[in-house]
S.K.: 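I'd like to ask some things about the structure below.
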Amino acid sequence: MSSHLIRITLPDGKVLEFKRGATVADVAAAIGPGLAKAALAAELDGEVVDLGRPLERDTGLRIITERDPAALSLLRHSAAHVLATAVRQLRPGAQIGFGPAIDEGFYYDFGVEAPFTPDDLEAFEMEMERVVQANHSFERHRVTKEEARGLFQDDPLKLERLEELGDDEVITVYRDGPFLDLCRGPHVPSTGRLKHFKLLSAAGAYWRGDERRPMLQRIYGTAFFKAEELDQHLERLEEARKRDHRVLGKELDLFLVDQRVGSGLILWRPHGAIIRSEIEDYEKELIRRHGYEIVYTPHLMNERIFEVSGHLENFAENMFGPVEIEGTRFRPKPMNCPGHICLYQAAQRSYRDLPIRYAEFGTVYRNERSGVLHGMLRVRGFTQDDAHIFCTEEQVPSEIGALLDLVDEMLRTFGYPYSIELSTRPEKALGTVQQWKGAEDALRSVLEARGLDYRVEEGGGAFYGPKLDFKLIDAIGRSWQGPTVQLDFNLPERFQIEYVGDDNGRHRPVMLHRVLVGSMERFVGGLIEHYAGAFPLWLAPEQVRILPISEEWIAEASACADLLRGRGVRAFLVERDSLSYRIREAELRKVPYMGVIGEREAADGTVAVRTRGAGKKQQVMERGAFLDRVLEGIRTRSLGLEA
RNA sequence: GCUCCGGUAGCUCAGUGGUAGAGCACUUCCUUGGUAAGGAAGGGGUCGAGGGUUCAAUUCCCUCCCGGAGCUCCA
């Protein structure tokens with residue numbers, strides 16, 4: 001009877017028939033012995049399931065092997081179970097929390113008396129090896145809620161989770177050898193599939209991320225299918241560690257934090273200040289070309305303006321407390337928008353004036369909890385390259401288009417590839433659904449008109465308007481928050497800003513907030529890591545270091561340095577110690593060019609140019625030609641060095 | 001803010017219940033050098049701060065401050 005047979009449709013369209021109840025593994029075996037061995041799981045009409053899952057009805061089926069992008073998180077989720085298995089072996093009293101796969105690996109949270117030590121991690125890792133050796137199958141069992149309560153009676157965290165599940169939900173548990181977990185699955189077929197993994201760190205984490213709940217101990221680890229991939233990942237972590245902007249910032253004298261000044265407050269040293277001011281100069285040139293006007297507004301403002309803007313209502317916990325001056329309370333500004341609105345309102349605006357684009361390198365102060373401060377990346381005082389565009393609704397598309405050009409030009413200059421995210425209306429939102437839809441469509445259609453790829457973050461917008469986020473990808477593949485553009489329906493209302501239209505009536509303009517680098521502090525911190533401290537010529541605090549071979553050639557070398565300095569090049573003479581010593585020093589400081597001058601160069605008016613990272617491959621050239629090369633590299637803001 | 005780990009010279013770090021050491025950096029002298037450390041001598045520390053235990057504390061205990069890894073949050 002055909003009712004005993006089910007039809008399985010493979011991705012290539014081929015249809016196979018099986019007895020009802022045949023498992024995914026049976027299908028894989030039927031397709032071929034190679035696939036049977038490689039199979040980890042399968043996707044059934046969009047749902048990922050275990051190999052052991054019996055098939056009950058006609059369905060589409062795709063076998064998932066190591067090569068499938070979905071496979072890695074499967075492996076890592078299973079790795080988390082193997083970790084928990086090992087921890088339970090060594091610490092039978094450990095309560096189990098959650099253990100998911102995450103972007104770069106997995107973690108598992110445990111409730112234990114004492115925190116884990118590095119030695120514990122090593123022991124767990126060895127125990128995990130044993131669990132892998134034992135090659136326990138991951139067995140999936142459907143249970144009733146009542147059965148589950150019994151199974152996890154000693155695991156209060158699991159019971160809490162269990163009680164949240166609806167009565168009609170399918171509840172499953174997974175067993176691998178001695179370990180049983182409440183888990184939706186799916187998993188790889190057995191623990192033996194986990195071959196290349198490493199535990200990385202342990203730290204406290206609140207149960208369910210809630211600081212009012214108990215703190216659990218979280219162990220992070222990662223896992224891969226191939227040894228090389230794991231090695232590569234570990235190397236990448238090592239590389240990230242070497243690029244740490246706090247370490248390089250110290251080594252290269254870029255910035256410091258002084259506890260006499262306070263946590264989260266950055267002091268820019270001269271070399272760091274050069275980088276920042278070069279970026280600011282570049283950006284000023286860029287935005288003037290794009291029709292912005294530069295403004296300045298005060299750091300301290302009467303707190304009443306933050307009542308109007310709504311900041312005291314919505315942002316108070318991030319604002320520093322008031323300073324009282326002659327009975328009036330002032331606050332350090334947490335954002336620049338209110339000031340820019342005052343500037344807008346300084347005159348009656350006509351539609352002919354719009355768009356108005358005010359830009360400011362505006363320093364703002366935000367009270368961040370001490371635990372989140374991190375070098376230049378998370379601070380309490382920072383300077384935004386902020387701008388507010390006041391325009392009519394009809395002008396929004398062209399303004400967005402212009403911003404896309406601006407962002408693209410800027411990110412190319414710094415050598416960042418990027419991706420775009422569109423965030424739409426959240427649950428709690430100001431303005432009408434109509435208004436939001438119009439704004440979102442405007443953003444969408446501009447992106448689509450340009451054929452740009454973007455991801456939609458449903459409900460990810462701010463309460464006052466939708467936004468575009470640009471995510472930067474750095475030199476070692478990490479993602480950073482980049483430029484953002486936000487539409488704002490809120491502040492124009494709150495401040496009652498207006499313009500006079502061609503109908504001689506009063507209208508409300510649309511307000512766009514945008515930043516390019518975001519915060520100078522965070523951006524420069526990110527750049528330090530992106531370039532690993534080896535800045536492109538135009539940003540390098542010291543662009544050329546001139547090295548006389550011996551004291552005899554100081555005058556000659558000095559003339560060469562003067563030639564460069566006379567044209568604005570940051571060139572410096574270093575005369576002491578041996579040449580080898582000075583070359584080593586310049587390489588460590590990541591100076592783009594070294595110019596060596598000795599007897600030969602003095603005789604024919606040349607300079608022996610050594611390029612950063614190029615080793616002994618020096619090039620002897622006319623000093624004028626060298627100057628031209630340096631000036632050209634600076635002028636074009638070239639990312640590479642011409643050797 | 002919370003949990004854990006840490007704080008010794010400008011930097012990176014070792015060390016000890018009897019008031020401290022290395023390398024680099026710094027200063028001086030010698031060396032006058034050809035592409036990633038030439039040689040020597042010297043200066044420099046309330047061992048994060050305060051309190052306690054002890055004959056004696058940088059070391060052990062407590063409190064606080066600061067930093068780090070996370071949680072949460074974010075430009």
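Below, chains carry the letters A, B, ... as their sequence lines are ordered, and counting in each starts from 1.
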S.K.: When you measure from the side chain of A:Glu368, which nucleotide among B:G70, B:G33, B:A75 comes out closest?
M.R.: B:A75

S.K.: Measure from the ring centre of A:Phe382 to the centre of the six-membered ring in the base of B:A75, then say whether that distance is under 5.5 Å and the planes meet at under 30°.
M.R.: yes

S.K.: Mind checking the C1' distance from B:G45 to B:U12? Whole angstroms is fine.
M.R.: 16 Å

S.K.: Rounding to an integer number of angstrom, what distance separates B:C26 and B:C11 when you compare their P atoms?
M.R.: 14 Å

S.K.: At 4.0 Å (heavy atoms only), tell me whether A:Gly598 reaches a base, stays on the sugar-phosphate, or touches nothing.
M.R.: base

S.K.: Base, sugar-phosphate, or nothing for A:Arg246, non-hydrogen atoms under 4.0 angstrom?
M.R.: sugar-phosphate

S.K.: Hey, is CD on A:Glu599 packed in by over 12 heavy atoms from elsewhere, all under 6.0 Å?
M.R.: no

S.K.: Considering every strand and a 4.0 Å limit on heavy-atom distances, what is the contact class for A:Gly204: base, sugar-phosphate, or nothing?
M.R.: base

S.K.: Does A:Arg610 get its side chain close enough to the base of B:A36, under 3.5 Å, for a donor-acceptor pair?
M.R.: yes

S.K.: Which nucleotide wins on minimum distance to the side chain of A:Arg576, given the candidates B:U35, B:G1, B:C26?
M.R.: B:C26

S.K.: Please check if any side-chain donor atom of A:Thr363 sits under 3.5 Å from a side-chain acceptor atom of A:Lys333, or the reverse.
M.R.: no

S.K.: Of the listed nucleotides (B:U35, B:C65, B:C11), which one gets closest to any side-chain atom of A:Val596?
M.R.: B:U35

S.K.: To the side chain of A:Ile549, which of B:A25, B:A75, B:G33 is closest?
M.R.: B:G33

S.K.: Measuring only between side-chain heavy atoms, which start at C-beta, is A:Val609 closer than 4.5 Å to A:Val620?
M.R.: no

S.K.: Looking at the side chain of A:Lys250, which of B:U12, B:C2, B:A75 is the nearest nucleotide?
M.R.: B:U12

S.K.: Establish, yes or no, whether the cationic atom of A:Arg218 lies under 6.0 Å from the six-membered ring centre of A:Tyr107 and within 45° of the ring axis.
M.R.: yes

S.K.: Any side-chain heavy-atom pair from A:Glu409 and A:His290 closer than 4.5 angstrom?
M.R.: yes

S.K.: Please pick, from B:C71, B:C2, B:G34, the nucleotide with the shortest atom-to-atom distance to any side-chain atom of A:Met215.
M.R.: B:C2

S.K.: Partner of B:U63 by Watson-Crick or G-U wobble geometry, both contacts under 3.5 Å, or none?
M.R.: B:A49

S.K.: At under 4.0 Å between heavy atoms, what does A:Arg600 touch on the DNA or RNA strands: base, sugar-phosphate, or nothing?
M.R.: base

S.K.: Return the 5'-most residue of the pair A:Glu521, A:Ala205 with respect to RNA chain B, ranking by each residue's nearest nucleotide.
M.R.: A:Ala205

S.K.: Could you tell me how far B:G18 sits from B:U63 if I compare only their P atoms? Round to whole Å.
M.R.: 25 Å

S.K.: Output the single nucleotide from B:A69, B:A75, B:A36 whose closest atom is nearest the side chain of A:Ile583.
M.R.: B:A36

S.K.: Among the candidates B:U27, B:G1, B:A37, find the nucleotide nearest to the side-chain atoms of A:Arg584.
M.R.: B:A37

S.K.: Within the structure shown, what part of the strands sits under 4.0 Å from A:Ser580 by heavy-atom distance: base, sugar-phosphate, or nothing?
M.R.: sugar-phosphate

S.K.: Counting only distance, no hydrogens or angles, is the base of B:C71 paired donor-acceptor with the side chain of A:Arg218 under 3.5 Å?
M.R.: no

S.K.: Base of B:U35, side chain of A:Gln618 - is there a donor-acceptor contact under 3.5 Å?
M.R.: yes

